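Only a predicted model underlies this, so the values are computations on that prediction, with no experimental measurement involved.
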Amino acid sequence: MQPPYTKDDRNIMKKAAESTQILKNRFRSDYCGLLSPEREHGSVRLAGWVHRKRDHGGLIFIDLRDHTGLSQLVIQPEQQELFAIAEQLHIESVICVEGVVVRRAPGAINPRLASGEIEVVLSQISVESNAQTLPFPVADEVQTSEELRLKYRFIDLRREKIHENIIFRSRLTAAMRRYLEAKDFIEIQTPILTSSSPEGARDFLVPSRLHPGKFYALPQAPQQFKQLLMVSGFPRYFQIAPCFRDEDARADRSPGEFYQLDMEMAFIEQDDLFSILEGMIEHLTTTMSHKRITRFPFPRISYKEVMNRFGTDKPDLRIPLEISDVTPLFVGSAFKVFANSTVEGSCVKALVLKGRGNESRLFYDKAEKRAKELGSGGLAYIQFKEEGPKGPVVKFLSEADLSTLKSHLALENGDVVFFGAGKWAATCKIMGGMRTYFGDLFSLDKDELSFCWIVDFPMFEYNEEAKKIDFSHNPFSMPQGEMEALETMSPLDILAYQYDIVCNGIELSSGAIRNHKPEIMYKAFGIAGYSREEVDLRFGHMIEAFKLGAPPHGGIAPGLDRMVMILCDEQNIREVIAFPMNQQAQDLMMGSPSAVTPVQLKELSLQIDLPKKAEPKP
RNA sequence: GGAGCUGUAGCUCAGUUUGGUUAGAGCGCCUGCCUGUCACGCAGGAGGUCGCGGGUUCGAACCCCGUCAGCUCCGCCA
């Protein structure tokens, strides 16, 4: 078993290097970060970048950096030629050197350096690349603007933290492959140029030269291919799959493209999938990190319950707060705003903060501002103080209301309770947003991984705009209760074998047990308003496949970038991607997207029709 | 599509609240000195369209309007 990866000792580069046999050639015989007193008196060749230089006039020290770490080089003035070269060296130049490893004098040992007990006295130096002044420093890891970092990504990637992140990502994917192959998973590549799918996110389109006017689409996920592989008789499939969705970026969402650990298995049920994935995550966590999984097996929470208790389908379970339903307490209340939310489809929710009843007015005002940003009209709250309840809505509540509330929520003096009222889904969402907002009041353990499964998603939902019933997730998910449920239950009550896996407030993946029975599929699409003919037209190839011998199957596709993010303690997904795009989906280094030549357009039978710019205001 | 924050030297930032002399600091860069540093030290120097455009004013980094860029959030992401 590999030793646990800890961020504190920052030695992942060293470990990565140790697992590789060094290629000894004219450039190097050793790695900088791995040199130790064992090599004393040894003649070595090193190659790397000038990390720092300390020129004492009569003596020059160079910290040489390669991907394993640093070695201190010493150039003595007797070596006149060497000395002249070293004097002129710029930071971040690439040099190859020869020298002898010597033990440092006891007072000169640097305990902060892995190779700090030794140094290399140079006998030769050759400058492979003399670097000009860099746009930002590599050695001093000071915050630099995102724009510069992205424009000069190749320099940013020299910096220790992000360099380690990229190496960690490589090791993680390698560990995934080893684990899954040992579990009889087969890695299969699926097409990148495929066809546009009618559901889901916006597609990226690629014009076809051979078929003017027609387009390929980049896959949003290999969803249909992996299901077809099950029909082909491969028992377990996986792929580290690029996925393309033309949607706007977030801190945990790379614009345009991202990677999933895409998996699918035949002849399994939901519980089988859960235990397989839990096994893999447990293995990866214990072998690749020093983080702890809070509960194992992962807790399972139904969609309805998670919305009621946490106000989101991706809760951070480390936050010690839960939302309470207080709807029944306000039936017939004199406070009309709350009383009016006690009808079917609406609710009154409460969120208690213990011991925060005596904060400054600013505390509550800022909370209300956040609630309004989340779409709430306001944020009612009651501070329970020694001298009695206080807050903007107290005057609307009777003594009886207040005392029922106090006992129902086990409130004590010094506490504060926040309220949300209105339509169920919107109220849950706002209160969930407030729960996350107040989560900042607690110091959450970054080394705790609080995984959970969200299960029992509804199969259908009511689309208010279109005034019709829609699939709430993947139309290919199997309804719980199969055909009987579709035929006998009210559509909005039908649940699906559809699940999400969530960790610390980040959705890692959705997955489902698929619907492999054509008749159930026609019926499900029928409820969503699609005729048999329309289904055949849009998903004919899938239905056809399922008519020709399809096993029960299901899968999941955890987001790779997000997994790396969590394990590397990064708040932004760009920190775990070698060459990310900016928020506007541009690559500032490559300059993409970019214009193409008229010749290229003509070959593709395309014409550009730019939108007219809005007239500038006078 | 909408909201917020940010933009001053190569880099990180102060200065903007209350408009007023030649816009500062640290790091980096250049020159000189320095034989045990490890964020080496010391002395000197260069380096600025205060994101851009317009306005108010005797006078704008500072106030107003517009605009551009980066980030964060909402919408969006089956």
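One can place CG of A/L113 at 15 Å from P of B/U37, the figure rounded to the nearest angstrom. One atom, CD of A/E117, and another, C1' of B/C38, lie 15 Å apart when rounded to the nearest Å. We find that CD of A/E87 is positioned 9 Å from P of B/G32, with the value rounded to whole Å. Computed from coordinates, the A/L588 CG to B/C71 P distance equals 7 Å when rounded to whole Å. Between A/R250 atom CZ and B/G70 atom P there is a gap of 16 Å when expressed in whole angstrom units. For the pair A/N582 CG and B/C68 C1', the interatomic distance rounds to 14 Å; values are reported in whole Å. Atom CG in A/D140 sits about 8 Å away from atom P in B/C40, given to the nearest Å. Spacing between atom OH of A/Y152 and atom P of B/G70 amounts to 15 Å, rounded to whole angstrom units.
Of the candidates B/G75, B/C11, B/G36, the closest approach to any side-chain atom of A/A108 belongs to B/G36. For A/L59, taking side-chain heavy atoms from C-beta onward, the closest of the listed nucleotides B/C73, B/U35, B/C34 is B/U35. For A/N474, taking side-chain heavy atoms from C-beta onward, the closest of the listed nucleotides B/A78, B/C29, B/G1 is B/A78. Of the candidates B/C38, B/C30, B/C71, B/C38 carries the atom nearest the A/R54 side chain, counting heavy atoms from C-beta on. Checking B/A39, B/C73, B/U37 against the side-chain heavy atoms of A/R52 singles out B/A39 as nearest. Distance from the side chain of A/R104 is smallest for B/G36 among the nucleotides B/U72, B/G36, B/U12. Among the nucleotides B/A39, B/A78, B/G1, the one closest to any side-chain atom of A/D248 is B/G1. Taking every side-chain heavy atom of A/N572 into account, B/C71 is the closest of B/G75, B/C71, B/C77. Each of B/C77, B/C73, B/U37 was ranked by its minimum atom distance to the side chain of A/H56; first place goes to B/U37. Comparing B/A39, B/C34, B/C76 against the side chain of A/D55 picks out B/C34 as the nearest.
The residue A/K429 sits close only to the backbone: its heavy atoms come under 4.0 Å of sugar-phosphate atoms, none of a base. A/Q143 comes within 4.0 angstrom of the backbone, heavy atoms only, and of no base. Contacts of A/E146 with the nucleic acid, taken as non-hydrogen atoms under 4.0 Å apart, involve only primed sugar atoms and P, OP1 or OP2. Backbone-only engagement by A/Q584 is indicated by non-hydrogen atom pairs under 4.0 Å involving sugar-phosphate atoms exclusively. Counting any heavy atom pair closer than 4.0 Å across all strands shown, A/S510 reaches no nucleic acid atom. Residue contacts shown for A/E78 include a base, since a base heavy atom lies under 4.0 Å away. In this structure, A/H51 reaches neither bases nor backbone, as no heavy-atom distance under 4.0 Å exists between it and the strands shown.
Nucleotide B/G41 forms a pair with B/C33, judged by Watson-Crick or G-U wobble geometry with both contacts under 3.5 Å. In this structure B/G28 sits in no base pair that meets the Watson-Crick or G-U test at under 3.5 Å. The pairing partner recorded for B/U67 is B/G51, the criterion being a Watson-Crick or G-U wobble arrangement whose two distances lie under 3.5 angstrom. Nucleotide B/U22 is matched to nothing when pairs are restricted to Watson-Crick or G-U wobble geometry with both distances under 3.5 angstrom. Pair assignment for B/A9 gives none, since no Watson-Crick or G-U wobble pairing has each distance under 3.5 Å.
Contact of A/R253 with B/C77 (side chain to base): a donor-acceptor pair of N or O atoms is detected under 3.5 Å. Side-chain to base pairing of A/Q586 with B/G70: no donor and acceptor N or O lie closer than 3.5 Å to each other. Donor-acceptor pairing under 3.5 Å, judged by distance alone, is absent between the side chain of A/Q76 and the base of B/U35. Between the side chain of A/R149 and the base of B/G70, no donor-acceptor pair under 3.5 Å is found.
The same atom, P, is picked in B/C5 and in B/G66; the two are 14 Å apart, to the nearest Å. Separating the C1' atom of B/A25 from that of B/C50 is a span of 16 Å, rounded to the nearest Å. Separation of the P atoms belonging to B/U67 and B/C76 is 26 Å when rounded to the nearest angstrom. Only the C1' atoms considered, B/G55 is 30 Å distant from B/C13, to the nearest whole Å. Nucleotides B/C63 and B/C11, compared at atom P, are 24 Å apart to the nearest Å. Separating the P atom of B/U22 from that of B/A61 is a span of 11 Å, rounded to the nearest Å. The separation of B/C27 from B/C71, taken at their P atoms, amounts to 30 Å, rounded to a whole angstrom. One C1' atom belongs to B/G59, the other to B/A23, and the distance between them is 16 Å to the nearest Å.
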Output side-chain donor-acceptor pairs under 3.5 Å for residues 215-224 of chain A, partner residues at least two apart or in another chain, one line each.
unit_1 : atom_1 : unit_2 : atom_2 : d
A/Q220 : OE1    : A/A201 : N      : 3.1
A/Q220 : NE2    : A/A201 : O      : 2.7
A/Q220 : NE2    : A/D203 : OD1    : 2.7
A/Q223 : NE2    : A/Q227 : OE1    : 3.0
A/Q224 : OE1    : A/H541 : NE2    : 2.4

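The only member of A/R54, A/H51, A/R52 that meets side chain to side chain donor-acceptor pair (under 3.5 Å) when paired with A/Q72 is A/R54. Considering A/I60, A/I95, A/I75 as possible partners of A/L89, the one that fulfils the side chain to side chain contact (heavy atoms under 4.5 Å, CB included) test is A/I95. Each of A/E570, A/M565, A/E507 was scored for a side chain to side chain contact (heavy atoms under 4.5 Å, CB included) with A/D252, with one residue passing: A/M565.
Each of A/P137 and A/E147 lies near RNA chain B, and the nucleotide nearest A/P137 is the one positioned closer to the 5' end. When each of A/I109 and A/H90 is assigned the nucleotide of RNA chain B bearing its nearest heavy atom, the one mapping closer to the 5' terminus is A/H90.
Residue A/Q220 has no polar side-chain atom (N or O) positioned under 4.0 Å from OP1 or OP2 of B/C77. A/R574 has a side-chain polar atom (N or O) that falls below the 4.0 Å cut-off from OP1 or OP2 of B/U72.
Atom NZ of A/K468 has more than 12 neighbouring heavy atoms from other residues, nucleotides or ligands inside a 6.0 Å radius. Residue A/F546 places its CZ atom among more than 12 non-hydrogen atoms of other residues, nucleotides or ligands, all under 6.0 Å distant. Within a 6.0 Å radius of CH2 in A/W49, no more than 12 heavy atoms belonging to other residues, nucleotides or ligands are found.
Residue ring and nucleobase are stacked for A/F61 and B/U37, with a centre distance beneath 5.5 angstrom and an angle between planes beneath 30°.
A/Q239 and A/T190 share a donor-acceptor pair across their side chains, judged by distance under 3.5 Å alone.
The cationic group of A/R532 lies under 6.0 Å from the six-membered ring centre of A/Y522 and within 45° of the ring axis, placing it in a cation-pi geometry.
Between A/G33 and A/D66, the shortest heavy-atom contact is N-OD1, 4.1 Å.
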